[in-house]
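Residue numbers begin at 1 in each chain, while the letters A, B, ... track the order of the sequences.
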There are 2 protein chains.
Amino acid sequence: MKPFGKLSSEKQARIVNASISEFSEKDYETASMNSVVNQAGISKGSLFNYFKTKNILYNHIYKLALGEVKNYLRNVRDKTADFPFDERLSKIVDSGIKFITEHPRLARIYFRLVYSGDSPNRDKIVNELQSMSEDYLGNIVQDAMNRGELNPNLDKAQSVFFLDAVLNRFLKEYHEAMNHGSQNAFNKDEWGKGITKFFTKGLS
Amino acid sequence: MKPFGKLSSEKQARIVNASISEFSEKDYETASMNSVVNQAGISKGSLFNYFKTKNILYNHIYKLALGEVKNYLRNVRDKTADFPFDERLSKIVDSGIKFITEHPRLARIYFRLVYSGDSPNRDKIVNELQSMSEDYLGNIVQDAMNRGELNPNLDKAQSVFFLDAVLNRFLKEYHEAMNHGSQNAFNKDEWGKGITKFFTKGLS
DNA sequence: ATGTAAATTGACCAGGTGGTCAAATTAATA
DNA sequence: TATTAATTTGACCACCTGGTCAATTTACAT
């Protein structure tokens, strides 16, 4: 068993928590192992005993973040499997907002990973995410096409791309607005409606 | 006159060129003044004589990059003022691709600025960009609405947001695909058509 | 050619980085 | 309790950072 797994769950939590804070506040290169160590209240040697390198620690954390994101997505997809396209889209937006609100630090790590350039293995990870998203949104679009809710001659790849672009951008802006305290910048419901209307029309 | 302005234009070009390389390859924190100095073939003291801090040098460079971007945008907007919406949109995509192809390093600095988190004054700059884009795309949407090409009851802010999201994301992906050598990832014409079709329909 | 002013240099500084490892502490075994 | 094994520690290392400044080189005026 890996040394980190042997630790008391309280200590594990402390370390994970400190790491999440650090990697969400600074990008990979700028994030500091010393800072993690101080926040977690352990010694430097210990941290490097649990995680041999900064890279490995980062991998541990981002997988954690991504796992949570995937959970959310899987959840909303399955729970809305029988809903029509527009309601489904609306729920996706809602759950995205919910995730961001409940896990702002994990969301930050996610956005940093997707939009910033210097995480290790960034290309591989982003490719993974891309194909995950294609899969996810692709299924939803396909379902809607099968039901006759969307134009059956759609270029699916492009449609998914548009969806992904708008959804991600919206959530990113929402996340940033949230972190800057300007709560009124986005009216959730209004924007949710706007997005679903725009896509049901654009892809019809 | 500032010391940098007194330099021979050849030397100025060398320094600007080295700085563009550095800031396009690494993000602000990671970019190294030592590296700029070596690439430019001047001494460290000189560089800090021309630009008192890293921050000031970065500002000089990003303003340069942004100026070029604005030039391109202004150009295409004015030259297509009388075109219908779909042709206009198509030209915007084309000119974006052209810019990226001709100035890949400046494009990289632009994307890094917009999507990454650690440039100095990032918030201020991004706000500036946002209102610039709102202005730019807002005008184009407004023109089309006035001409009766788009639904006159559109929520303009949202429409502009969608346009901005998709255009930026597309150009970013195109830029990344280009830099990774995979030229066939995007068929320019096909995607240009797809984008215009999607928006003319979605906003009609 | 000489003196002076301006431009250029690079050794140097304090401070930070990821990572190491002998030594000290704690836990487990007998 | 005495011995051994596992865990934890933090001083330390080489390296890099942005930035400084006395000293040297260059340019120019007389």
Side-chain angles (χ1 to χ4, degrees), chain A residues 1-62 112 116-122, chain B residues 1-62 112 116-122:
Chain A
M1 195 178 192
K2 299 271 165 185
F4 184 68
K6 290 190 202 161
L7 266 38
S8 74
S9 56
E10 182 271 330
K11 201 170 192 175
Q12 287 190 29
R14 236 166 52 218
I15 294 170
V16 164
N17 190 49
S19 305
I20 288 178
S21 279
E22 187 66 10
F23 283 119
S24 71
E25 277 166 23
K26 313 188 187 149
D27 56 12
Y28 179 77
E29 293 289 349
T30 317
S32 159
M33 295 297 263
N34 293 320
S35 179
V36 171
V37 152
N38 290 336
Q39 285 184 61
I42 60 172
S43 76
K44 200 167 180 178
S46 286
L47 183 56
F48 278 91
N49 183 31
Y50 309 143
F51 302 95
K52 242 187 275 202
T53 67
K54 184 185 183 179
N55 208 315
I56 289 173
L57 173 59
Y58 177 76
N59 267 274
H60 186 85
I61 296 301
Y62 104 72
R112 215 184 267 292
S116 173
D118 69 344
S119 312
N121 318 316
R122 198 233 166 206
Chain B
M1 195 180 195
K2 299 271 167 186
F4 183 68
K6 290 192 203 162
L7 265 39
S8 75
S9 57
E10 184 271 333
K11 201 170 192 175
Q12 287 190 27
R14 238 165 52 216
I15 294 170
V16 164
N17 190 50
S19 305
I20 288 177
S21 279
E22 188 65 12
F23 283 120
S24 71
E25 276 165 26
K26 312 187 187 150
D27 54 13
Y28 178 77
E29 293 289 348
T30 318
S32 159
M33 294 297 262
N34 294 319
S35 179
V36 170
V37 152
N38 290 335
Q39 285 183 61
I42 60 172
S43 77
K44 201 168 181 176
S46 286
L47 183 57
F48 278 90
N49 183 30
Y50 309 143
F51 301 95
K52 243 187 271 201
T53 66
K54 186 183 181 179
N55 208 315
I56 289 174
L57 173 59
Y58 176 77
N59 267 274
H60 186 86
I61 296 300
Y62 105 71
R112 212 184 268 295
S116 174
D118 68 345
S119 312
N121 318 316
R122 198 233 166 208

Steps toward side-chain hydrogen bond (donor to acceptor under 3.5 Å, both in side chains) verdict (A:Asn38, A:Asn34): CA-CA 6 Å; A:Asn38 290 336; A:Asn34 293 320; over 6 Å; no
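In this structure, CG of A:Asn55 is placed 12 Å from C1' of C:dG18, rounded to the nearest angstrom. Atom CG in A:Leu57 sits about 14 Å away from atom C1' in C:dG19, given to the nearest Å. Counting to the nearest Å, the C1' atom of D:dT7 and the CZ atom of A:Phe48 are 17 Å from each other. Protein atom NZ of A:Lys6 is 12 Å distant from nucleotide atom C1' of C:dA27, rounded to whole Å. One atom, CG of A:Asn38, and another, C1' of C:dG16, lie 13 Å apart when rounded to the nearest Å. Note: CG (B:Leu7) to P (D:dA27) measures 13 Å, nearest angstrom. The nearest whole Å value for the distance from the OH atom in A:Tyr58 to the P atom in C:dG18 is 15 Å. In this entry the distance linking NZ of B:Lys26 with C1' of D:dT17 reads 12 Å, nearest Å.
Side chain of B:Lys11, nearest nucleotide from D:dG19, D:dT17, C:dT8: C:dT8. Nearest nucleotide to the side chain of B:Ser32, out of D:dT17, D:dT7, C:dT8: D:dT17. Distance from the side chain of B:Tyr50 is smallest to C:dT8 among C:dT8, D:dT20, C:dG18. With D:dG18, C:dG18, D:dT9 as the candidates, the nucleotide lying closest to the side chain of A:Asn34 is C:dG18. Considering only the side chain of B:Lys44, D:dT20 comes nearest among D:dT8, C:dG19, D:dT20. The side chain of A:Ser43 lies closest to D:dG10 when the candidates are C:dG10, D:dG10, C:dG18.
Taking 3.5 Å as the limit, the base of C:dG19 and the side chain of A:Lys52 contain no donor-acceptor pair of atoms between them. Counting atom types as modelled, A:Lys54 pairs no side-chain N or O with a base atom of C:dG19 as donor and acceptor under 3.5 Å.
Cation-pi geometry between B:Lys6 and B:Tyr50 is not met: the NZ or CZ atom fails to fall both under 6.0 Å from the ring centre and inside 45° of the normal.
Donor-acceptor pairing under 3.5 Å is lacking for the side chains of B:Thr30 and A:Glu29.
The two residues B:Phe4 and B:Ile15 make their nearest non-hydrogen contact at CE1-CD1, 3.9 Å.
Rounded to the nearest 0.5 angstrom, A:Glu22 CD and A:Leu57 CG are separated by 10.0 Å.
Heavy-atom nearest nucleotides on DNA chain C were determined for A:Met33 and for A:Gly45, and the one closer to the 5' end corresponds to A:Met33.
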